[in-house]
Amino acid sequence: MKYIYLDNQSNTKLDERVFDAMKPFFIEHYGNPQSIYSFGSFSKDALEIARRQAADLINADSEEVIFTSCGTESNNLAIKGLVATLKTKGRHIIVSSIEHFSVLNPVKRLEKEGFKVSFIPVDSKGNVSEAELKRALRKDTILVSIQYANPEVGTIQDVKKLVSAVKQSGSASDFIAFHTDAVGACGTVPVDVKDLGVDALTFSASSMYGPKGAAALYLKKGVRISSQIEGGVQENSRRSGTENLPAIVGFGKACEIVKGEITKNAKTVQKLRDKLIDELPKKIEYIYLNGTRENRLPGNVNFSIEFVEGEALFLLLDAKGIMAASGSACANKNLKLSHVLNAMDVDVAVGQGSILFTLSKFNTEEEIDYVVEEFPNIVKRLRDMSPLYSYFLRTGSRKSAGPGADFDDHCDIEK
């Protein structure tokens, strides 16, 4: 059986050039970067080279990059760390309703501690409205966190415009920190922190053909943050703990590679994405693209298919060697709609039949042709077993669905 990996939003295949860069730091160059002898100094130099490579990808300065273990840790550091330094100026936080749970959960915890949180809505395509953001701003707002691009539905936000709306607003009397979770975007589309004007930005190695176990938080020079992991001097005492040097070296190399290949990769992946978006609706009725076609991540395809369940689609695809993700995977245990599709006002009965294909530079046109051939057969098989579809064919009527999922109803997904 052939295996086709189309779940690149959760993790990408390691680039062999990245692995080659990492190898020496497992066995040969294992010195602690914080040691003062020459063996450690070599490791320290490698750490700082990786920091420059990561900074170059997003047009930052090296000292503005804090290495972490994953995107989830970077988001937690940004949310909790920025709030801890700004809480004397106010206690109001703004996030979008479609953020990753590593943003939503920390702000909900802060809400229980007495902070006020505004969850601003999105439209049917997943876009955050500048007007809604401005309406949410208050005199005591201290932090705004809005995702650069949503990995579930692929929608890319106009972060530069949103930052400008916050920074130029007369609603607040003091500094408001703006953080963006760019894990889904960095390495896939160009990201320039100086152009965006953000104060903090999360990005991760595993989403750009690098290793798991390495990520970073960009923190604009002059912006203060409170450490959330204490006990050492690493990362200028902003993130303590012995550095995962092989993974960090791999992260730096991955950043260097994707910076040089980002345009070529995006063009290749987008061609495959568009083939799925164009061809599947020709073979499947009652199929709906989630998110916008125009302003979308190059490798993201999210469909809702009526009269089927996303989990069943996922399992039958897996049986055919196609590895994808259910669009509502985070709520499957409770058979509820994902919080992203719920926020976009997708009907529950339709949204539960969601499937997410995310492509990479390693995918081929032959693989996409195979998906286009096999996927309609899977949908037909499931519909043939569906009493709801049979009822629809007989009556032309759809049964009504109940309300969607709440943010609290989810499983934890690690970035």
Side-chain angles (χ1 to χ4, degrees), residues 2-22 50 54 57 67-76 99-103 147-154 181-189 191 202-217 244 246-258 261-262 265-266 268-269 272-273 276 297-302 310 314-315 317-318 321-330 332 338 340 354-364 367-368 371 410-415:
K2 63 173 71 176
Y3 291 95
I4 300 172
Y5 185 74
L6 299 177
D7 189 24
N8 290 279
Q9 61 90 23
S10 65
N11 189 67
T12 50
K13 179 181 175 181
L14 190 71
D15 190 300
E16 288 187 10
R17 292 167 291 179
V18 172
F19 186 46
D20 289 340
M22 294 171 65
L57 176 63
F67 286 123
T68 66
S69 65
C70 59
T72 290
E73 185 192 340
S74 290
N75 282 342
N76 271 263
E99 297 297 314
H100 188 267
F101 287 122
S102 58
V103 169
Q147 206 169 50
Y148 193 104
N150 186 272
E152 184 175 335
V153 296
D181 174 3
V183 168
C186 271
T188 302
V189 295
V191 174
T202 296
F203 58 124
S204 174
S206 62
S207 63
M208 59 178 81
Y209 314 107
K212 293 181 283 291
L217 178 68
N244 183 357
I248 290 172
V249 167
F251 185 15
K253 186 64 177 178
C255 288
E256 180 183 75
I257 291 171
V258 296
E261 298 180 354
I262 197 164
N265 290 344
T268 299
V269 170
L272 301 179
R273 178 202 74 181
L276 282 174
L297 288 172
N300 180 287
V301 180
N302 186 310
F314 169 78
L315 293 172
L317 279 167
D318 187 51
I322 301 167
M323 289 161 276
S326 170
S328 56
C330 203
N332 271 344
S338 85
V340 174
S354 294
I355 197 77
L356 173 61
F357 301 109
T358 43
L359 316 174
S360 82
K361 66 181 181 180
F362 296 114
N363 291 123
T364 66
E367 291 177 334
I368 300 307
V371 175
H410 67 274
C411 57
D412 289 329
I413 292 180
E414 184 77 1
K415 282 192 175 183

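What you are looking at is a predicted structure, and each value in this text was computed from that prediction instead of being measured. Residues take their numbers from the sequence shown, with the count starting at 1.
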Please find the pair of heavy atoms, one from [X] and one from [Y], that lie closest to each other, and give the distance.
| X | Y | result |
| --- | --- | --- |
| Ser102 | Asn76 | O-ND2, 3.6 Å |
| Ser207 | Cys186 | OG-O, 4.1 Å |
| Ala254 | Met208 | CB-O, 3.7 Å |
| Leu297 | Ala149 | CD2-CB, 3.7 Å |
| Ala247 | Ala214 | O-CB, 3.5 Å |

Sequence-distant partners of Phe19, ring-ring contact (aromatic ring centres under 6.0 Å, His included), two or more places apart: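 Phe19 satisfies ring-ring contact (aromatic ring centres under 6.0 Å, His included) with no other residue.
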
For Phe314, ring-ring contact (aromatic ring centres under 6.0 Å, His included) partners two or more places apart: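 Expected list: none.
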
Could you give the distance from [atom1] ([X]) to [atom2] ([Y]), rounded to the nearest 0.5 Å?
| X | Y | atom1 | atom2 | result |
| --- | --- | --- | --- | --- |
| Met22 | Arg17 | CE | CZ | 15.0 Å |
| Leu217 | Glu73 | CG | CD | 9.5 Å |
| Asn300 | Phe357 | CG | CZ | 11.5 Å |
| Ile248 | Ser69 | CD1 | OG | 10.0 Å |
| Thr72 | Phe101 | OG1 | CZ | 11.5 Å |
| Asp7 | Leu359 | CG | CG | 11.0 Å |

[X] versus [Y]: any side-chain heavy-atom pair under 4.5 Å?
| X | Y | answer |
| --- | --- | --- |
| Leu276 | Ile368 | yes |
| Thr358 | Leu6 | no |
| Val18 | Pro211 | yes |
| Leu317 | Met323 | no |
| Val269 | Thr188 | no |

Residue pair Thr12, Lys361: steps toward the side chain to side chain contact (heavy atoms under 4.5 Å, CB included) verdict: CA-CA 10 Å; Thr12 50; Lys361 66 181 181 180; over 6 Å; no

Those residues that, when tested against Glu367, pass salt bridge (charged side-chain N to carboxylate O under 4.0 Å, His left out) (two or more places apart):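 Per chain and number, Glu367 pairs via salt bridge (charged side-chain N to carboxylate O under 4.0 Å, His left out) with no residue.
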
Is a side-chain donor or acceptor of [X] paired with a backbone partner of [Y] at a separation under 3.5 angstrom?
| X | Y | result |
| --- | --- | --- |
| Ser206 | Lys212 | no |
| Gln9 | Gly184 | no |
| Asn265 | Ile262 | no |
| Asn302 | Glu152 | yes |

Residue of the set Thr202, Asp181, Val183 for which side chain to side chain contact (heavy atoms under 4.5 Å, CB included) holds with Ser74: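 Passing option: Thr202.
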
Cation over ring face, Lys13 and Tyr5, 6.0 Å, 45°: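 Here Lys13 fails the 6.0 Å and 45° test against Tyr5.
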
Working for ring-ring contact (aromatic ring centres under 6.0 Å, His included), residues Tyr148 and Phe203: CA-CA 10 Å; Tyr148 193 104; Phe203 58 124; over 10 Å; no

Pair Lys253 + Asp20, salt bridge at N-O below 4.0 Å: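 A salt bridge is absent here (no side-chain N lies under 4.0 Å from a carboxylate O).
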
